[in-house]
Amino acid sequence: MSDRYQQFVNSFLGKQIAPRVGLPQPPFLKRHRPGAPVVDGPVLLGQADGGRLGPAVSRVLAVIGAETWTAEGPLRDGAAEAGLSPKIWSGATGGDQRFQALVFDATGISSAAELAQLHAFFQPVARRVRPSGRVVVLGTTPELVPGTGAAKASARVAQRALEGFTRSLGKEIGKGSTVQLVYVAPDADDQIESTLRFLLSPKSAFVSGQVVRISQSGRKPDLNWTEPLKGKVALVTGASRGIGEAIAETLARDGAHVVGLDIEPLADDLKKVTDRIGGSAITFDVTAQDAPAELAAKLKADHGGVDIVVHNAGITRDKLLANMKPEVWAQVIAVNLEAPERITRELLKQKAINPEGRIIGVASIAGVAGNRGQTNYGTSKAGVIGFVDAFAAEVAKQQLTINAVAPGFIETKMTAAIPLTIREAGRRMSSLGQGGLPIDVAETIAWYASPGSAGVNGNTVRVCGQSLIGA
Amino acid sequence: MTSPRRVAILGGNRIPFARSNAQYSSVSNSDMLAAALDGLIERYGLEGQHLGEFAAGAVVKLARDINLTREVVLGSKLAPSTAAVDIGQACGTGLQAVNYIGNKIALGQIDVGIAGGADTTSDPPIALGDKLRAKLVKVNNARSNADRVKALLAIRPTDISLDFPVNAEPRTGKSMGAHQAITAKEWGITREAQDELTVASHHNLAAAYDRGFMDDLITPYLGLERDGNLRADSSLEKLAKLKPVFGGPQGTMTAGNSTPLSDGASTVLLASEEWAKEHGHEPLAYLVDVQTSAVGYVGGEEGLLMAPAYAVPALLDRNGLKLQDFDFYEIHEAFAAQVLSTLKAWEDPTFCKQKLGRDEPLGSIDRSKLNVNGGSLAAAHPFAATGGRIVPALAKALKEKGSGRGLISICAAGGQGVVAIVER
């Protein structure tokens, strides 16, 4: 599973050769280490005129103890109210200053002309981002832009335009840095903390070019950010290996009691995982007709319900459509799409998901962009995105959230089996120029699972290193 | 114990400050301190007199100068019964010596004393490397010639090394300039603002010499009549040509807007009002209060030279004063950026609220009252001698004005700062 090319271009010899012959140089990404600060380095905070998120962002930066820099002016004065004492940023006096993160509140941009403020803020610092740096642009959810008439329409246009900026910057920023856009609903300023923490930290190492939407949940729990899931019960399907194993470990790291689920033939592997993390194991075939009811009953009986449900179990049975037999089609749809949907319905029906529950699907980049030989798989994974869309409004009423991750090329046994040339293409054809790790998917799921993420609902975030394929 | 007495500043004397390895390259700290002291003795008729105490120090000091000040007293025309003490607080040494003598006078422990300081960067204390030193100690301790030879033979060529004193903070390994470059960047201090302050410093000091202001504050020494670093024709155009020396190639700090290494010495005569009257000296001004503060800087929590930004508000509060209640501000120009960062911090509502816990910023000062007779950028800064340069010059400026109040602020290595109020 090791990426030999990446190791070579980061070796002494590779560093001499690669740039001379124009080879891509995928860097080693900085990843989360226990006890490390959220942002390990200076953060530059900027704001378009009339932006509203300055105080909310400043509060988060103050809480995480970030070394914050701002230009002089109202943003800096407001940051002081939030408890920050920002250093003063100015291009003329910045010398050799570099930043670990750039955060820009673009909510004040209300016309196409005002988009120039993106250029004004980012252009002078475009080369001042450290390796594995973070860029986060915050906007207002375009459909929810307040106002009336032409002004409202032009603000909506401008807010929608932000997406093109962040996705393009993600493709050119380089050095393992990532760029995201966070759309915050006009009334949801107090809901951004868990998302900002995730996107600014090394936990989001392989997430780039994404758009996250935050809405008002009406809830803002006080929480212990080092063990946010303490006391929670998390069901993880397909937990015996690969991404599922990483999800189980990560949720356990964050304090959850993990109930790992997998099929009977993998029971031994599953037990090893759950024993290691102090969880419990269930063997089940999720596609069995009575599986949802039995599972709901068992979770209620053993744990008094479940707080986090991660529908990770998935299979591939690749064939060109012309060669695909109906049972091969059906198998993939049953495991990847029908099972999550049926289990979720049953758990909701039996009220087996506790208040503040989290339902998390695992889609795929194949569901976004499609893949040759994966008509069945692509259909099932696009269906997972639909599953999130369809359930979001309903579960929100019950104080639950539903979201999905869409992994791109992740280094697992499954991808190690892909032929070399296709594997290399999968790795390199992304902004980060490499495959992700199972932990990258798991960290994204842990962000959704956090009690702090009540305002994150109905999102599908790709964990793909901004793969060049797909929207 | 009697209640505190007013501390009168009677005057001072210093030698012109020279740039490193220039006019004073062959003299020591004690030579320079003696020269400054002799001039003071002569000016104030102190020959043969017994004084309460002489307190002075040197930052860069030879190990053999254990009793630097006492030796200087013994070589001077003061009565040998005059006690002396060596004190040290990096660049704050001179002002801290004034504070020390002032406090003793205020408490009635002494009636008159001299504070001062000297520093040379031309005669640095070069130490032997640790390995060589350890082996030489063995040679010295050997009891017989045979043992001595044996110990000597144990010295290998690789043991031989020298330790030069370095202008770097031991805990960060960064020079003072590198630290200040970070602070300048964090406060957004522009090159232009630094150069403007530098030009003003040179022009003000040159003007002070030209109008004779320095005549009774200085005694020429070794052919030097004015400070060797002074550039009366300094201009923004000339300074603009200099390359940055701190903060990388895009930095804002140059050899022009930073003080150079330099040599010099200064002294200040302080006394009780009674002593001054008895001896026929009119006080120039009075030392009101002194505050020393320190900040943590090792982990980057605050700038190395930002302690005065904390010391001044503490001093103001204790004396019921506002930053604007002064006629003169003497802010030691270690670097132009240090002065500007400090002034900006006092104007900044964010700093004043977050770091000082004040609802209102201290506000800005009238720049025309800042370092009116030149600052360290022009005069240069022999570390321990700067306090003794500033105090008499400020006292004299207050006397010329007739009445008023002056604020002194001096930053020091190790994240410390000494600040004082002088009034008349």
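Letters A, B, ... mirror the listed sequences (proteins, then strands); counts begin at 1.
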For a quick test of reading the model, state the closest non-hydrogen atom pair linking [X] to [Y] and the distance between them.
X	Y	answer
Thr93(A)	Ile189(B)	CG2-O, 3.1 Å
Lys185(B)	Trp69(A)	O-CZ3, 3.5 Å
Thr252(B)	Ala92(A)	CG2-O, 4.2 Å

Between CD on residue Gln97(A) and CD on residue Glu186(B), distance to nearest 0.5 Å: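 These two atoms lie 7.5 Å from each other.
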
Donor-acceptor under 3.5 Å (Gln354(B) side chain, Ala80(A) main chain):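 Such a contact is found between Gln354(B) side chain and Ala80(A) backbone.
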
Does atom [atom1] ([X]) have a neighbourhood of more than 12 heavy atoms from anything else shown, all under 6.0 Å?
X	atom1	value
Arg171(B)	CZ	no
Asp233(B)	CG	yes
Glu360(B)	CD	no
Arg358(B)	CZ	yes

Residue part contacting chain B, namely of Pro86(A), when any heavy atom lies under 4.5 Å: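 Both the backbone and the side chain of Pro86(A) come within 4.5 Å of chain B.
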
Which portion of Lys355(B) sits near chain A, non-hydrogen atoms under 4.5 angstrom: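 The answer is the side chain of Lys355(B).
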
Min side-chain heavy-atom separation Lys353(B)-Glu81(A) under 4.5 Å: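 Touching, per the 4.5 Å side-chain cut-off.
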
Min side-chain heavy-atom separation Asp348(B)-Glu72(A) under 4.5 Å: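 No, every pair of side-chain atoms sits at 4.5 Å or beyond.
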
